[in-house]
Participant: 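Attaching a single structure in structure tokens format; questions to follow.
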Protein chains: 2
Amino acid sequence: MKHSVVVVDDHNLLSQAIGELVNSFDEFHVLYTCKNGQELLDKLQNPANIPNIVLMDVNMPILNGIETTEHLYQNFPQVKVLALSIEEDEKVILKMLRSGAKGYLMKDVKKTELHNALLEVMEKGFYHTNTVTKVLVDSLSHNDGDVVTLKDREIEFIKLACTEMTYREIADKMFLSPKTIEGYRNALFEKLNLRNRTGLVIYAIKNKIFTP
Amino acid sequence: MKHSVVVVDDHNLLSQAIGELVNSFDEFHVLYTCKNGQELLDKLQNPANIPNIVLMDVNMPILNGIETTEHLYQNFPQVKVLALSIEEDEKVILKMLRSGAKGYLMKDVKKTELHNALLEVMEKGFYHTNTVTKVLVDSLSHNDGDVVTLKDREIEFIKLACTEMTYREIADKMFLSPKTIEGYRNALFEKLNLRNRTGLVIYAIKNKIFTP
DNA sequence: GTCTGGCAGGGGAAAAACCCTGTGGGCCAA
DNA sequence: TTGGCCCACAGGGTTTTTCCCCTGCCAGAC
């Protein structure tokens, strides 16, 4: 009997196209496709809808790949999740794996590699490309002790610093003295290792505190 | 005889999956797939490789969808380009259409809509979804006269302004006087309607001059 | 010739960046 | 209870950078 696969991706065309691809493999067939995590969880209420493998996009609206994977790991541990993403961001990869994904595929993998991944996941329980393995190894040596945590008020400030407002205007908006704002700024420069406001803006965007 | 289609997308899996989808339509077959615009142009040197339709991703490395479409429009006008993208940005859509694309599909279209689009492009020569039509109509009322064009040297400056360098350091790097750099900055502030460097950084990122 | 555009400078006001000090409230432990 | 400590907040004062206005040179285009 063929192994069942569910594709979760918010882009209709992609989920269908990937589904088509999966169906072309002898050992697998697509049970159904979903547009987001919520839709998948709804479907899984019916035991007949529980697949062997979920091919999950990371970036989705409503319920994203990470949250959904976490939920699956808690409630349907028998389901193997393979993450599928264009993201090469270390943090995202690690988050997915921590959430319980059995593998992480870049969207530019070849058809044969997808086939391989599906086979290996069913057989060994996991599949990791070289890229992902490297990220994992790096994350060990990488001094991950300096996980900077920002306070709510600091984040609020950063967002305002990403506009054309002067610090004086930001101070007014936050009902604080300009001097206090300087304090926030200096603290952030210190702990994020930045030289000036431009650095702060780039940091904010990189870390999705502010989205242009 | 079936109409020939070429898929251009930097993500291997996606191009193959979409190819699979196209092959499932009776009236079409995939000639080959490419990873970027350059690869396509290379292929087209051989007349046997000229397809009826190109399904082109907009975001690609090396030679992007817009430039490639422009080139095709100049040199292979008989080839119909259908843009395929997750981007819903008005500007991008307009750019693609101005470059000569015959249609613009969001990547979340359904299989049947892709089929429709392919059929219509072969028959009528174009295919536009409601979204795209709306953008076109909007672009008429929208004052699109202020299409700001930036010079090469200005773009070079903007990129450096998106770092933590001071203007003096930027001047050194560009082998110019700090005063000249001020000139660039002031000209940009003026024509982009900005107040300060932070505004410039946000502008650069929004318009993909600089990617964090 | 004139005109435009890239380049460069002087001078000055404003903002940003970097010092160091101080207050008052909450919290914890002697 | 009290003294010590941390922390958000705020002020004084100074240097550096940014921002703005106005002028001038020179080469290449018209």
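Residue numbering restarts at 1 for every chain, and letters A, B, ... go by the order of the sequence lines. Given the structure is predicted, the values throughout are model-derived calculations rather than measurements. Atom set for the values below is all heavy atoms of this structure, side chains included, hydrogens, waters and symmetry mates excluded.
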Participant: Rounded to whole Å, please give me the gap between CD1 in A/Ile155 and P in D/dA8.
Facilitator: 14 Å
Participant: Distance check needed: D/dA10 P versus A/Tyr167 OH, whole Å only.
Facilitator: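 Checked: the OH to P distance equals 17 Å.
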Participant: At a heavy-atom distance below 4.0 Å, what parts of residues 168-187 of chain B sit against DNA chain C?
Facilitator: B/Leu176, B/Ser177, B/Lys179, B/Thr180, B/Tyr184
Participant: Do A/Lys191 and A/Glu154 sit within salt-bridge range, that is, some charged N less than 4.0 Å from a carboxylate O?
Facilitator: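 Yes, charged N to carboxylate O under 4.0 Å.
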Participant: Both conditions, 6.0 Å and 45 degrees, for the charged tip of A/Lys43 above the ring of A/Tyr32: are they met here?
Facilitator: yes
Participant: Taking the cut-offs as 6.0 angstrom to the six-membered ring centre and 45 degrees off its axis, would you call B/Arg153 and B/Tyr184 a cation-pi pair?
Facilitator: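 Geometry flag: not set, cation outside 6.0 Å or 45°.
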Participant: Without decimals, in angstroms, what is the distance between A/Asp152 CG and D/dC7 P?
Facilitator: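 These atoms are roughly 16 Å apart.
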Participant: Please determine if B/Arg195 forms a cation-pi arrangement with B/Phe189, meaning its NZ or CZ atom is less than 6.0 Å from the six-membered ring centre and no more than 45° off the ring axis.
Facilitator: no
Participant: Examine the side chains of B/Asp42 and B/Gln38 and answer whether a donor and an acceptor come within less than 3.5 Å of each other.
Facilitator: yes
Participant: B/Asn196 side chain to A/Glu164 main-chain N or O, any donor-acceptor pair under 3.5 Å?
Facilitator: yes
Participant: I want to check a possible cation-pi pair here: A/Arg98 against A/Tyr73, using under 6.0 Å from ring centre and within 45° of the ring axis as the test.
Facilitator: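 So A/Arg98 doesn't make the cation-pi contact.
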Participant: Taking NZ from A/Lys151 and P from D/dC6, how many angstroms apart are they, rounded to a whole number?
Facilitator: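 Distance, rounded to whole Å: 13 Å.
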Participant: Distance alone, cut at 3.5 Å: any donor-acceptor contact between the side chains of B/Glu120 and B/Asn116?
Facilitator: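 Not at all, the side chains of B/Glu120 and B/Asn116 share no donor-acceptor pair under 3.5 Å.
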Participant: Can you check the B/Asn196 CG to D/dT17 C1' distance for me, whole Å?
Facilitator: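 It works out to 13 Å between those atoms.
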Participant: Chain B on DNA chain C: first and last contacting nucleotide, 5' to 3', under 4.0 Å to a heavy atom?
Facilitator: C/dG6 to C/dG11
